[in-house]
Amino acid sequence: MIEVLQAGFQSSLQDAGRFGYRSYGVPWSGPMDNYNAGFARELVRNDPNATLIEFYQRGPELLFAKEAIVAVTGLYFGLKINGESKELYKAYRVKSGERLEIITKAASNFGYIAIAGGFKTELVLGSASYYPGITERSRLEKGQQLQFHEQDLPQIPALSRLRSLETVFDTSEIPVLLGPEYDRLSEDQQKLLWSTSHKLGRNISRMGYRFKPVPNLNLSGILTGPVQAGTVQLTPGGELIVLMRDAQTTGGYARILQLLPEAISILSQQLPGTRMKFVKSEP
């Protein structure tokens, strides 16, 4: 058992996601950054659907009542186990009575804590991923008791190749496909869309990331249409909204682009004020 001493900010449990229920208005959820979440699971030899902790900007502090093997991943975070600083992207054995603490070293977005065997929690519609209105909790809470599937790992796994992960996010380009309403843009608007280095605003969440409006780049809304994680909507006011893992299932803004799956992870780790260009990819 693990006690949550401090919950951090917007910390939640996430598995691979909740699939097959979008016709009922239920989003996919799952990790915002599948790169870091996947590597955290791999470090402790979990399967791709194992439940882990996702945190945003400020991580949790956990007290372990049972021994476990854990791994922490994420950009610009630090890790302490029982007060001793540890490297990220490595697996560690945490003993009973020890504390795990996440330290924020610089402006950061999402990080992950994986535990060998995965966290144990109730499945709702086939998934453990927290989502308001679907699961009993939407965030980790101080004092919460976390269970995990105990797994015998006498040797701590090691994967040295993970250290190069930061280079994945060192980019100013977002690969995309064309969306259903792209052709409604005029020729000048299309040129403006591709040539502009779009500035990410402060309004970012698991539901969507908003870019600052660009003069002369806008479209009237549509009646309604299906959307998904990675859909790029253009509002009548000129905002570009990239829908993320907790995105709604339908929307009334023009859908001009669609991010490739790996681009969602890359965008998730970009900070407000970052400038990025959309780059057309082949289907």
Less than 4.5 Å apart, side chain to side chain, heavy atoms only: is that true for [X] and [Y]?
{"X": "K86", "Y": "K80", "value": "no"}
{"X": "H198", "Y": "L193", "value": "yes"}
{"X": "L243", "Y": "Q248", "value": "yes"}
{"X": "I102", "Y": "L79", "value": "yes"}
{"X": "L240", "Y": "V232", "value": "yes"}
{"X": "N109", "Y": "S268", "value": "no"}
{"X": "N218", "Y": "T235", "value": "no"}

Is there a donor-acceptor contact under 3.5 Å from the side chain of [X] to the main chain of [Y]?
{"X": "Q189", "Y": "N216", "value": "yes"}
{"X": "N46", "Y": "G117", "value": "yes"}
{"X": "Y89", "Y": "G74", "value": "yes"}
{"X": "S127", "Y": "L125", "value": "no"}
{"X": "N36", "Y": "G111", "value": "no"}
{"X": "R245", "Y": "P31", "value": "yes"}
{"X": "Y92", "Y": "E87", "value": "yes"}
{"X": "T121", "Y": "A128", "value": "no"}

Might you point out which heavy atoms bring [X] and [Y] nearest each other, and give the distance in Å?
{"X": "P60", "Y": "S11", "answer": "CD-OG, 4.1 Å"}
{"X": "A91", "Y": "A71", "answer": "CA-CB, 4.3 Å"}
{"X": "L200", "Y": "Q270", "answer": "CD2-O, 3.6 Å"}
{"X": "S265", "Y": "N34", "answer": "OG-N, 2.9 Å"}
{"X": "V70", "Y": "V44", "answer": "C-CG1, 3.8 Å"}
{"X": "G251", "Y": "I222", "answer": "O-CD1, 3.9 Å"}

Quick one, L217 with L185, criterion side chain to side chain contact (heavy atoms under 4.5 Å, CB included). Give me CA distance, side-chain angles, the key distance, then yes/no. CA-CA 8 Å; L217 183 62; L185 294 169; 4.1 Å; yes
Kindly work out whether a path of hydrophobic side-chain contacts (I/L/V/M/F/W/Y, heavy atoms less than 4.5 Å apart) joins [X] to [Y].
{"X": "I241", "Y": "I264", "value": "no"}
{"X": "Y112", "Y": "I53", "value": "no"}
{"X": "V124", "Y": "V26", "value": "yes"}
{"X": "I256", "Y": "L192", "value": "yes"}

Listed by chain and number, what are the side-chain hydrogen bond (donor to acceptor under 3.5 Å, both in side chains) partners of [X], not counting sequence neighbours?
{"X": "Y182", "answer": "Q190, W194"}
{"X": "T51", "answer": "none"}
{"X": "Q144", "answer": "Y130"}
{"X": "R137", "answer": "E141"}

Atom pair [atom1]/[atom2] of [X] and [Y] - distance to nearest 0.5 Å:
{"X": "K120", "Y": "F148", "atom1": "NZ", "atom2": "CZ", "value": "9.0 Å"}
{"X": "R41", "Y": "L52", "atom1": "CZ", "atom2": "CG", "value": "4.0 Å"}
{"X": "M244", "Y": "L259", "atom1": "CE", "atom2": "CG", "value": "7.5 Å"}
{"X": "D33", "Y": "T73", "atom1": "CG", "atom2": "OG1", "value": "7.5 Å"}
{"X": "L123", "Y": "S129", "atom1": "CG", "atom2": "OG", "value": "9.5 Å"}
{"X": "T171", "Y": "L267", "atom1": "OG1", "atom2": "CG", "value": "11.0 Å"}

Give a yes or no on whether E136 atom CD has more than 12 heavy-atom contacts from other residues, nucleotides or ligands under 6.0 Å away. no
Can you list every side-chain hydrogen bond (donor to acceptor under 3.5 Å, both in side chains) pair that touches [range], not counting sequence neighbours?
{"range": "residues 18-29", "answer": "S29-D246"}
{"range": "residues 58-71", "answer": "E61-R99, K66-E150, E67-R93"}
{"range": "residues 224-233", "answer": "T231-Q258"}

Of E98, E101, K95, which is the lone residue that meets side-chain contact (heavy atoms from CB on, under 4.5 Å) with I81? E98
Taking ILVMFWY side chains as joined if any heavy atoms are under 4.5 angstrom apart, and letting links pass through other members, which residues group with V279? none
Can you name the residues that form a side chain to side chain contact (heavy atoms under 4.5 Å, CB included) with P226, not counting sequence neighbours?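 Once residues adjacent in sequence are excluded, the partners of P226 under the side chain to side chain contact (heavy atoms under 4.5 Å, CB included) criterion are R255.
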Report the residues that fulfil side chain to side chain contact (heavy atoms under 4.5 Å, CB included) with K191, sequence neighbours left out, ordered by chain and then residue number.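 With neighbours one apart ignored, the set is E187.
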ring-ring contact (aromatic ring centres under 6.0 Å, His included): pairs with one or both residues in residues 42-72, sequence neighbours excluded: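 Residue pairs with at least one partner in residues 42-72: F9-Y56, F55-F77, Y56-F110.
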Keeping to residues at least two apart or across chains, list the ring-ring contact (aromatic ring centres under 6.0 Å, His included) pairs with something in residues 200-244.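 Non-adjacent pairs meeting ring-ring contact (aromatic ring centres under 6.0 Å, His included): F211-F278.
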What verdict does the salt bridge (Lys or Arg N to Asp or Glu O under 4.0 Å) test give for R184 and E181, after you've listed the backbone C-alpha separation in whole Å, the side-chain angles of each residue and the deciding distance to 0.1 Å? CA-CA 5 Å; R184 288 181 52 193; E181 282 77 55; 5.8 Å; no
Tell me, with the steps shown, if V168 and I266 meet side chain to side chain contact (heavy atoms under 4.5 Å, CB included). CA-CA 7 Å; V168 172; I266 292 170; 4.2 Å; yes
Evaluate V4 against L62 for side chain to side chain contact (heavy atoms under 4.5 Å, CB included), listing each step before the verdict. CA-CA 5 Å; V4 179; L62 308 174; 4.1 Å; yes
Verify side chain to side chain contact (heavy atoms under 4.5 Å, CB included) between L177 and L257, making sure each step is shown before the conclusion. CA-CA 6 Å; L177 303 174; L257 300 172; over 6 Å; no
Between the side chains of Q14 and S12, is a donor N or O closer than 3.5 angstrom to an acceptor N or O? yes
Do you know which of K199, K212, R210 makes salt bridge (charged side-chain N to carboxylate O under 4.0 Å, His left out) with E239? R210
